[in-house]
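Before any comments, here is the structure.
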Amino acid sequence: MGGVEDEEPALKRMRLSSYNGSSSVECTVGSSSGLMARPLSAEGEDEVIGSTGIIKRREFVRIITKALYSLGYKKSGEHLEEESGIPLQSSVVNVFMQKILDGDWDESLATLNKIGLHDEGIVRAASFLILEQKFFELLDGDKVMDALKTLRTEITQHCVDSTRIRELTSCIVSPSGLNGLSRRELVRVRTRLKLLEELQKLIPPNVMVPEKRLERLVEIALIFQREACMFHNSLDKEISVYSDHHCGKTQIPSRTLQILEAHDDEVWFVQFSHDGKYLASASNDRTAIIWEVDTNGGLSIKHKLCGHQKPVSSASWSPNGQELLTCGVEEAVRRWDVSTGKCLQVYEKNGPGLISCAWLPCGNYILSGLNDKSICMWELDGKEVESWKEEKTLKISDLEITGDGEHIISICKENVILLFNKETNDERFIEEDEIITSFCLSKDSRFLLINLLNQEIHLWNIGDLQLVRKYKSHKRARFVIRSCFGGFRQSFIASGSEDSQVYIWHRNSEDLVDVLPGHSGAVNCVSWNPANPHMLASASDDRTIRIWGLKCLNVKYPNAYSNGNHHSNGGELR
């Protein structure tokens, strides 16, 4: 606005000092409506703006004014109040806020009853917050008797929660205060500005405009646009408020950047490490390979892991990414050092063969499914510490454990997935109408992606055991085909297919986003780099691994090796 820097407006802001230990801060709460030059008429209060006519001008101006003050543009906020004739808040509310920040508790309570609140419940709750702040500040000033009097004669009138009253009483008798905090620490945490924020959550927004309301509205709009964008696969910082957001298909990895050809037979499994720096592959040639991803996105062999006597069906990265498990088909599980390629331990049992492997999130134990339908837990040195029997897994089985380390997930019957609490032995089940061939757990351990014999992929919420989405179009007739979550915020679902292509769906809409040709044999497994949403790997019967990226050349993704937490384990039997 012109003239803001040249002259002070007629309307002066109120300067408020906030008690915060030994320091004070200045806060602008808006101006007194008694000084407004041009108050709007009653008709103006209902005036609307915008092409749809749903935005009330008065509300819109108030939240802009609030945003200006919050951003530190005090003069601009004052000028907007004066020019529009729309006060941010009434003079009574301004006085109320000033009394709070001054610590004038009696006047704060008196003014609270004058600001036009019709809900006695809100008045009572706000009064309690004010008196509680008074109580803590009296304690901080070593005015214990005054604090006790406030508790007995004032707070108890407004608080019906006897537990809270006991907690406040304990602050008087215990030096540790509340929740282990000393009295001084409590006051430092519970500043008067914090009290105002809490009061604003209680008091209706037409009386006190909430903090950061404009920012929240813009965030909601941007999030809605992001979620509605079928191809969104980039950092949020790339979204702009200057225009409606829409990503093109170019954000989806769809171009073969590299073909890895080191295996001598069908490649059955691929999985990126949690930090995206490595890729593990497992093959029918009885080897596994650790591939290293360089800073430019190129992959090269770091170690070829030999020692299995049977085809290697799956692999699992340790939580810290420094070790790798590989599982031979009905054979043994081997643990490898990623830096040296050395085999550190072999896990096996006399009789039954091992068919799957997984790490506990703590990294101190591993799990394995056996072909006698049991699940074993081992210490890293090979000592078996626990075993669960009675149809906990199948001969063709994946194995996962949730991020909290509590629930083991496995296929216990052809069409049933078991969620087994290893601490309480409680069991829950996901039952499908078709035979289950594989599954994958989401990064946040909330969702399970299940591949079925009927060429469908189902997404389940494992919290309430609800089927959420279905994905179709890929081909599966004879082999175990694996799918995965991926992309930015795991917004996409990718899957192999027996027609030699990779299929990608938008997770929420179920729409097929892209189909990637290139392989000459069935695509058995896919893995999306958890640290780079623009990198996807696929493993095929044609003995190759394809690395997919964006069609535009020389694209580098910032922070490509940020830490991830997704644990995707499992076995595959051909």
Side-chain angles (χ1 to χ4, degrees), residues 266-271 282 284 311 313-314 327 329-330 355-356 358 369-373 375 391-400 408-420 427-442 447-462 465-486 492-505 507 510-512 515-516 519 521-527 538-542 568-574:
E266 299 169 351
V267 187
W268 289 353
F269 188 89
V270 283
Q271 182 63 59
N284 190 38
S313 59
S314 64
C327 185
V329 174
E330 296 188 66
I355 58 172
S356 57
L370 284 73
N371 62 6
D372 65 357
K373 300 184 179 181
I375 295 175
E391 296 191 353
K392 291 294 187 290
T393 187
L394 287 183
K395 188 174 181 179
I396 299 177
S397 181
D398 283 352
L399 190 64
E400 294 270 14
I408 300 171
I409 306 175
S410 66
I411 306 172
C412 65
K413 295 181 181 179
E414 285 187 336
N415 65 326
V416 180
I417 285 181
L418 167 68
L419 291 88
F420 174 67
E427 296 181 344
R428 296 187 300 148
F429 301 94
I430 293 176
E431 186 170 354
E432 290 278 9
D433 295 330
E434 294 285 338
I435 293 175
I436 298 168
T437 60
S438 66
F439 66 82
C440 175
L441 183 65
S442 66
F447 297 91
L448 204 64
L449 198 61
I450 301 176
N451 284 57
L452 301 173
L453 194 67
N454 67 347
Q455 302 185 102
E456 290 187 2
I457 303 171
H458 289 181
L459 180 66
W460 284 78
N461 184 320
I462 63 176
L465 301 183
Q466 294 293 316
L467 177 60
V468 180
R469 300 281 187 272
K470 294 182 180 181
Y471 311 97
K472 305 176 183 180
S473 291
H474 74 299
K475 304 298 184 288
R476 198 225 68 81
R478 299 178 297 158
F479 306 130
V480 174
I481 300 297
R482 298 185 183 280
S483 304
C484 73
F485 297 88
F492 300 94
I493 302 299
S495 178
S497 176
E498 288 187 23
D499 63 1
S500 306
Q501 301 183 106
V502 175
Y503 286 73
I504 300 175
W505 296 266
R507 176 172 164 178
E510 305 178 5
D511 292 330
L512 185 63
V515 180
L516 314 182
H519 283 290
V523 180
N524 303 307
C525 185
V526 291
S527 179
S538 58
S540 172
D541 277 357
D542 65 12
S568 183
N569 320 309
E572 174 184 16
L573 187 62
R574 303 288 291 226

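All of these numbers come straight from a predicted model, not from anything done at the bench. Note that the numbering runs from 1 along the sequence shown for the chain.
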For Val526 and Ser538, the nearest pair of non-hydrogen atoms, with its separation, is CG1-CB, 4.0 Å

Between [X] and [Y], is there a donor-acceptor pair closer than 3.5 Å when you use the side chain of the first and the backbone of the second?
X: Asn415; Y: Glu431; value: no
X: Glu498; Y: Phe479; value: yes
X: Ser497; Y: Val502; value: no

Mutual orientation of the aromatic rings belonging to His474 and Tyr503 [parallel < 30°, tilted 30-60°, perpendicular > 60°]
perpendicular

Could you tell me if the side chain of [Y] sits less than 4.5 Å from the side chain of [X], heavy atoms only?
X: Pro311; Y: Trp268; value: yes
X: Leu418; Y: Ile409; value: no
X: Ile457; Y: Ile450; value: no

Using a strict cut-off of less than 4.0 Å between a Lys/Arg side-chain nitrogen and an Asp/Glu carboxylate oxygen, indicate whether Lys472 and Glu456 qualify as a salt bridge.
yes

Any chance the side chains of [X] and [Y] put a donor and an acceptor closer than 3.5 Å?
X: Asn451; Y: Ser483; result: yes
X: Asn461; Y: Gln466; result: no
X: Asp541; Y: Asn524; result: yes

Are Arg469 and Phe447 in a cation-pi contact, defined as NZ or CZ under 6.0 Å from the six-membered ring centre and within 45° of the axis?
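Here Arg469 fails the 6.0 Å and 45° test against Phe447.
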
